[in-house]
Asks: 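Have a look at this one.
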Amino acid sequence: MSTEDRPAAPRSLAEALRGRDDVSLGALLRGRPDLITPVPTDLTQLASRAGTRASVVRALERLDRFTLQTAQALAVAADPATYDELLGLMAGDDADPAVAQALPHALGVLREQALVWGADDRLRLVRTARELLAPSPQHPSPTGLGPTVQEATAGMSPGRIQEIVSAAGLPSTHDSVSAVTALTELFTDRRRMAALLAKAPADSLDVLERLVWGPPYGQVTADPAPRLRWLLDRGLLLPTAPGTVVLPREVALHLRRGLAHRTPEPVPPAVEAAAVHRPQVVDSTAAGQAYTALATVEELLKDWDEGGPAVLRAGGLSVRDLKRTAVALDVPEPVAAFWVELAYAAGLIAPDGEADERYAATPAYDEWRELPAAERWSRLVTAWLPATRTAGLVGGRDAKDRTLSALGPGLDRSAAPEVRHRVLALLAELPEGAAPDAESVPARLRWERPLRGARHEDDLRSRLARWALSEAELLGVTGRGALSAHGRALLGAPAAPAQSPEGSAGPEGSGPAEPSGPGDKLPVHHRPAPLAHLTPLSPAEQAVASAAAARLLTPLLPEPLDHVLLQADLTAVAPGPLQRPLADMLGVLADVESKGGATVYRFTPGSVRRALDAGQSASDLHAFLATHSRTPVPQPLTYLIDDVARRHGHLRVGAASAYVRCDDDAVLNEILADKRAAGLGLRRLAPTVVAALTDPAGLLEGLRAMGFAPAAESAEGDVLITRAHSHRTPPRTAPEPVPEGPPVPDDTLLAAALRAIRAGDLASTTPRKPGTVPAGNGEPPRTGSAETLATMQAAVLTGGTLWIGYVNAEGAASQRVIAPIRVEGGFVTAYDHTADEVRTYPLHRITGVAELADDAD
């Protein structure tokens with residue numbers, strides 16, 4: 001291509017954007033969705049918005065480490081820089097081949113994100129990014145480099161500059177500018193710099209070695225030591241303030257052999273496999289944990305069935321209530337907080353909204369309980385994946401040093417869904433059955449988003465990654481740390497990467513035994529290529545993936561049993577999960593003694609009385625046990641039921657404030673003589689009736705504590721059947737995740753925005769016809785109604801294109817490029833280039849009109 005045919009280099013970011021096609025602009029708007037909120041009027045406004053500090057910071061935060069290192073290198077390079085200069089800063093004099101291979105992609109990302117513009121011979125970092133990344137005393141550069149010789153000598157006297165030039169062995173010059181240029185050329189010439197440093201004392205070189213990788217600033221006294229004086233005389237150290245010196249950038253780059261960074265990281269750290277298990281073991285372990293997750297959530301909701309803990313005034317659970325819930329679930333408090341938050345995210349619990357507000361199950365919980373087990377699990381994990389509420393923060397402190405409570409405010413972290421999905425995607429990249437090393441996953445995330453964790457090692461993203469791994473294991477998405485088959489399906493991931501024969505089970509599951517311990521590392525050749533296409537799914541896609549995951553999980557879950565094994569020690573063993581009616585009845589008749597692969601229930605007088613209070617008779621209980629036991633009903637259990645039933649209701653408690661009546665006056669005498677009854681305020685009213693000062697509920701509890709089995713009665717003298725009353729909230733919706741910045745535009749919005757930007761840019765850049773005087777600031781001229789009508793009618797006859805200002809019915813002003821087709825009845829019908837369709841506009845809402853030149857296209 002000749003020089004005349006070569007397109008002119010862009011002079012600004014706006015011109016660079018103007019040269020892009022719609023695919024490239026669409027990629028920019030997807031990558032930086034804040035630029036489209038609201039839609040810019042033209043490409044000049046888009047470029048201006050892309051250069052604002054907030055937008056640039058947001059874009060830099062989403063760069064991986066090597067791409068960010070590339071931007072940092074451009075910030076310390078000349079402006080503009082060439083590609084070869086950038087490559088030298090990134091790869092050094094040794095020309096690291098890995099850096100040379102990765103640099104084009106990193107530079108392409110910076111260009112796509114509109115952080116860098118210009119051709120390879122004139123690369124420019126946007127001004128705001130350069131200000132953020134360039135070194136300064138207040139904000140040292142991550143490269144560890146200091147100012148250039150020209151910047152460091154800006155306030156130095158001409159005489160002192162000439163002294164430095166002479167000491168460095170350079171000829172004196174007539175002015176400071178040429179002297180600084182000569183010094184810069186010396187420091188950037190490898191051969192001459194090597195000769196100069198070869199004459200340096202060894203202790204002077206030690207000083208340079210301490211400053212070379214940063215920070216480049218040091219302190220000196222008013223009378224520097226000889227080793228410092230040698231460096232100061234030759235400009236290898238330059239004063240920046242009284243008592244402070246700096247290592248010039250050119251000197252540091254020579255000592256670094258051209259590297260802007262001590263350790264360029266062009267390749268992301270691999271996610272290492274700590275152990276490899278057979279896929280069948282992983283899936284069965286994950287399925288068992290999935291069933292435990294369902295049982296735990298059901299137990300939590302059963303515990304809150306009649307009304308759960310009170311809602312704190314500021315919202316959330318109190319520390320005491322969380323501890324009580326952890327004891328009831330037999331889990332640590334952080335795990336209890338996770339289950340509570342998960343049930344809340346799934347819409348199964350919520351505040352009831354009453355005056356004395358408490359947490360309770362929602363109507364959605366009753367619907368959830370009736371679903372098959374795999375679908376219930378699917379509902380839980382589908383709520384977990386996009387949730388921004390982060391249970392791991394419970395117990396920590398917020399910015400105002402207030403304790404963060406479960407179900408309380410301040411737990412939303414918008415990065416949580418992205419990190420959660422990314423962690424699972426990294427597991428999906430490993431071979432089937434491979435469990436990752438615990439630290440390699442956070443290390444990978446720190447490489448992918450380094451700015452998020454720049455302040456301290458244990459940054460939020462690393463903690464989110466660790467929580468995601470533990471929560472996935474609790475939910476049964478992973479088993480023994482490896483992603484299960486139904487976990488892969490949940491992500492919409494393809495089949496797992498094939499393993500080599502050394503570590504794989506055969507197609508039928510036969511093969512070498514599992515590695516003996518967690519120290520077995522996955523060989524390098526097992527590492528698959530990254531799954532770049534494994535991105536978060538849309539709601540519709542996620543529903544399909546969740547259904548597929550449920551189908552894979554279904555055959556792995558145990559079938560509910562319809563029987564238990566009764567034992568002579570008044571216990572019943574459930575060798576697996578029980579059918580719901582059996583589990584509900586057994587939960588009333590007996591107390592759970594232990595859980596695990598088999599659940600052990602214990603029958604006690606109190607548990608049998610609880611069943612009788614719920615309306616069951618002794619014959620009902622005998623029939624129930626005989627029907628559902630695979631072993632004969634032990635005689636001690638029969639005796640226990642009969643004994644409690646015989647005494648149940650023998651005493652009657654009513655409201656006097658309360659009374660006790662019994663046909664056997666000897667029993668009443670025994671109660672009155674018992675010292676434990678002193679606090680009940682008892683007095684005999686008749687041989688078979690005793691009154692009490694306490695209320696009926698307190699009297700019932702007091703008599704039961706004394707070993708009696710009283711029954712409550714109504715005002716008519718009938719025995720009251722006490723049943724548990726489920727407490728439900730009004731219908732509630734699950735909490736909405738808090739998005740991280742503006743949402744990524746869909747294809748429809750993106751296409752409309754591109755049309756509007758292109759049309760606005762056409763209007764702002766197209767020459768006006770002679771005689772047309774535009775208003776300032778790129779706005780169309782203000783014209784009167786008569787002139788507007790005449791211009792419209794003329795455009796209809798000539799087929800011309802007009803630039804108009806328009807105010808809609810809501811008062812929102814916009815600019816449009818139209819080709820009028822017809823003008824009548826106070827309306828103009830025109831092809832709107834902005835909307836890419838024919839529209840009709842009222843003439844009285846058009847504020848101004850300007851004719852565009854005929855070569856507007």
Asks: Show me the donor-acceptor pairs, under 3.5 Å and distance only, between side chains in residues 346-356 and residues at least two apart or in other chains.
Replies:
unit_1	atom_1	unit_2	atom_2	d
D352	OD1	E354	N	3.1
D352	OD1	R358	N	3.1
D352	OD2	H727	NE2	3.1

Asks: Rounded to the nearest 0.5 Å, what separates atom CG in L393 from atom CZ in R413?
Replies: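 If I round to the nearest 0.5 Å, the distance is 4.5 Å.
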Asks: Assess whether side-chain contact (heavy atoms from CB on, under 4.5 Å) is satisfied between F603 and L640, documenting all intermediate values.
Replies: CA-CA 9 Å; F603 300 95; L640 173 65; 4.1 Å; yes
Asks: Ignoring hydrogens and angles, tell me if any N or O in the side chain of R420 forms a donor-acceptor pair with the backbone of L464 under 3.5 Å.
Replies: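 Here the side-chain-to-backbone pair does not exist.
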Asks: S484 and G476: which non-hydrogen atoms are nearest, and at how many Å?
Replies: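 The answer is OG-O, 3.9 Å.
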Asks: Please confirm whether the backbone N or O of V738 pairs with a side-chain atom of T388, one donor and one acceptor, at under 3.5 Å?
Replies: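 Answer holds: yes.
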Asks: Show the atom names and distances, to 0.1 Å, of all donor-acceptor pairs under 3.5 Å that link a side chain in residues 325-335 to residues at least two apart or in another chain.
Replies:
unit_1	atom_1	unit_2	atom_2	d
T325	OG1	D321	O	2.9

Asks: Is there a salt bridge (charged side-chain N to carboxylate O under 4.0 Å, His left out) between R610 and D591 once you walk through the steps?
Replies: CA-CA 10 Å; R610 186 170 64 229; D591 298 323; 2.9 Å; yes
Asks: State whether the side chain of T390 and the backbone N or O of G392 hold a donor-acceptor pair below 3.5 Å, judged by distance alone.
Replies: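 Not at all, since once roles are kept as given, no pair shorter than 3.5 Å links the two residues.
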Asks: Evaluate the side-chain proximity of R630 to L561: yes if any heavy-atom separation is below 4.5 Å, no if none is.
Replies: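 The answer is no; the side chains never approach within 4.5 Å.
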Asks: On a heavy-atom basis, which atom in R728 and which in P363 lie closest, and how many Å separate them?
Replies: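 Scanning both residues completely, I find the closest heavy atoms to be CD-N, 4.3 Å.
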Asks: Output yes when E418 and R461 qualify as a salt bridge under the 4.0 Å nitrogen-oxygen rule, no when they do not.
Replies: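 Salt bridge: yes.
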Asks: Is the shortest heavy-atom distance from the side chain of D437 to the side chain of V271 under 4.5 Å?
Replies: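 The answer is no; the side chains never approach within 4.5 Å.
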Asks: Where do V340 and L300 land on the side-chain contact (heavy atoms from CB on, under 4.5 Å) test, with the steps shown first?
Replies: CA-CA 8 Å; V340 169; L300 168 67; 4.1 Å; yes
Asks: Within this structure, what is the CG-CG distance for the pair L637 and L570, rounded to the nearest 0.5 Å?
Replies: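 Atom-to-atom, L637:CG and L570:CG are 6.0 Å apart.
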Asks: Identify the two heavy atoms, one from L537 and one from A545, that lie closest to each other, and give their separation to 0.1 Å.
Replies: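 Taking L537 first and A545 second, the nearest heavy atoms are CD1-CB, 3.7 Å.
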Asks: Taking the side chain as every heavy atom from C-beta outward, state whether R389 and P737 have any pair of such atoms under 4.5 Å apart.
Replies: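 No, side chains not in contact.
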Asks: So do the side chains of L491 and H421 get within less than 4.5 Å of each other, counting heavy atoms only?
Replies: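 Heavy-atom side-chain distance check passes, below 4.5 Å.
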Asks: Between the main-chain N or O of A574 and the side-chain N or O of T599, is there a donor-acceptor pair closer than 3.5 Å?
Replies: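 Looks like no, no N/O pair under 3.5 Å.
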Asks: Is there a donor-acceptor pair closer than 3.5 Å between any side-chain N or O of H486 and the backbone N or O of L556?
Replies: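 No; zero donor-acceptor contacts below 3.5 Å.
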Asks: When you measure from the side chain of Q289 to the backbone N and O of L474, does any donor-acceptor pair fall under 3.5 Å?
Replies: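 Confirmed, Q289 side chain pairs with L474 backbone.
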Asks: Side-chain contact test, heavy atoms from C-beta onward, threshold under 4.5 Å: evaluate it for L427 versus P436 and give yes or no.
Replies: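 Sidechains of P436 and L427: in contact.
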Asks: Please report the shortest heavy-atom distance between V573 and P575, naming the atom on each side.
Replies: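 Minimum heavy-atom separation between V573 and P575: O-CD, 3.3 Å.
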Asks: Among all residues two or more places apart in sequence or in another chain, which pass the ring pair (Phe, Tyr, Trp, His ring centres under 6.0 Å) test with H628?
Replies: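 For H628 the ring pair (Phe, Tyr, Trp, His ring centres under 6.0 Å) partners, ignoring immediate neighbours, are F624.
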Asks: Between E61 and R449, does any side-chain N to carboxylate O distance fall below 4.0 Å?
Replies: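 The answer is no: the pair does not qualify as a salt bridge.
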Asks: Quick one: does W368's side chain get under 4.5 Å of L380's, heavy atoms only?
Replies: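 Counting from C-beta outward, W368 and L380 do come under 4.5 Å.
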Asks: Looking at CG of L589 and CG of L625, how far apart are the two atoms once the value is rounded to the nearest 0.5 Å?
Replies: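 Interatomic distance, L589 CG to L625 CG, rounded to 0.5 Å: 5.5 Å.
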Asks: Applying side-chain contact (heavy atoms from CB on, under 4.5 Å), run through H563 and L578 and close with a yes or a no.
Replies: CA-CA 7 Å; H563 64 274; L578 300 177; over 6 Å; no
Asks: In Å and rounded to the nearest 0.5 Å, what is the CG to CD distance from L426 to E448?
Replies: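 L426 atom CG to E448 atom CD measures 6.0 Å (nearest 0.5 Å).
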Asks: Does D64 pair with R444 as a salt bridge, N-O distance under 4.0 Å?
Replies: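 Result for this pair is no, no salt bridge flagged.
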Asks: Determine the minimum heavy-atom distance between A550 and T554, stating which atoms define it.
Replies: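 Smallest interatomic distance, heavy atoms only, reads O-OG1, 2.7 Å.
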Asks: Has the side chain of R65 got a donor or acceptor atom that lies under 3.5 Å from a matching backbone atom of R446?
Replies: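 Pair found, side chain donor or acceptor close to backbone of R446.
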Asks: Are the side chains of R466 and E471 in contact, using a 4.5 Å heavy-atom criterion?
Replies: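 No - every pair of side-chain heavy atoms lies 4.5 Å or more apart.
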Asks: With side chain to side chain contact (heavy atoms under 4.5 Å, CB included) as the test, pick out the partner of W377 among V477, T382, V297, L371.
Replies: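 Of V477, T382, V297, L371, side chain to side chain contact (heavy atoms under 4.5 Å, CB included) with W377 is met by V477 alone.
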Asks: Verify whether one side chain among E272 and S440 offers a donor that lies under 3.5 Å from an acceptor in the other.
Replies: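 The answer is no; no qualifying pair exists.
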Asks: I'd like to know if the side chain of E541 reaches the main chain of S538, judged simply by a donor and an acceptor atom lying under 3.5 Å from each other, with no hydrogens or angles considered.
Replies: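 A pair under 3.5 Å: yes.
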Asks: Could you check if a side-chain atom of S546 sits within less than 4.5 angstrom of a side-chain atom of V381, using non-hydrogen atoms only?
Replies: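 Not in contact.
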Asks: May I ask you to decide whether E298 forms a salt bridge with R376, counting only side-chain N to carboxylate O separations under 4.0 Å?
Replies: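 Result for this pair is yes, salt bridge flagged.
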Asks: Got a second to check how far E375's CD is from L553's CG, nearest 0.5 Å?
Replies: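 Reported value, rounded in 0.5 Å steps: 11.0 Å.
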Asks: Report yes or no: does R602 contribute a side-chain atom to a donor-acceptor pair with the main-chain N or O of T571 at less than 3.5 Å?
Replies: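 Flag not set: sc R602 to bb T571 has no pair under 3.5 Å.
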Asks: Could you go through the side-chain contact (heavy atoms from CB on, under 4.5 Å) check for L317 and L312 one step at a time?
Replies: CA-CA 6 Å; L317 284 180; L312 294 176; 5.9 Å; no
Asks: Do you know which of L407, L404, V319, L322 makes side chain to side chain contact (heavy atoms under 4.5 Å, CB included) with V394?
Replies: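 Between V394 and the candidates, side chain to side chain contact (heavy atoms under 4.5 Å, CB included) is satisfied uniquely by L322.
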Asks: Which atoms form the tightest heavy-atom contact between A482 and A434, and what is the distance?
Replies: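 For A482 and A434, the tightest heavy-atom pair comes out as CB-O, 3.3 Å.
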Asks: When you measure from the side chain of Q542 to the backbone of L490, do you find a donor-acceptor pair of N or O atoms at a distance under 3.5 Å?
Replies: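 Yes; judged by distance alone, with no hydrogens or angles, the pair exists.
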Asks: Starting at CG of L621, measure out to CD of Q616 and round the result to the nearest 0.5 Å.
Replies: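 Going from the CG atom of L621 to the CD atom of Q616 covers 6.0 Å.
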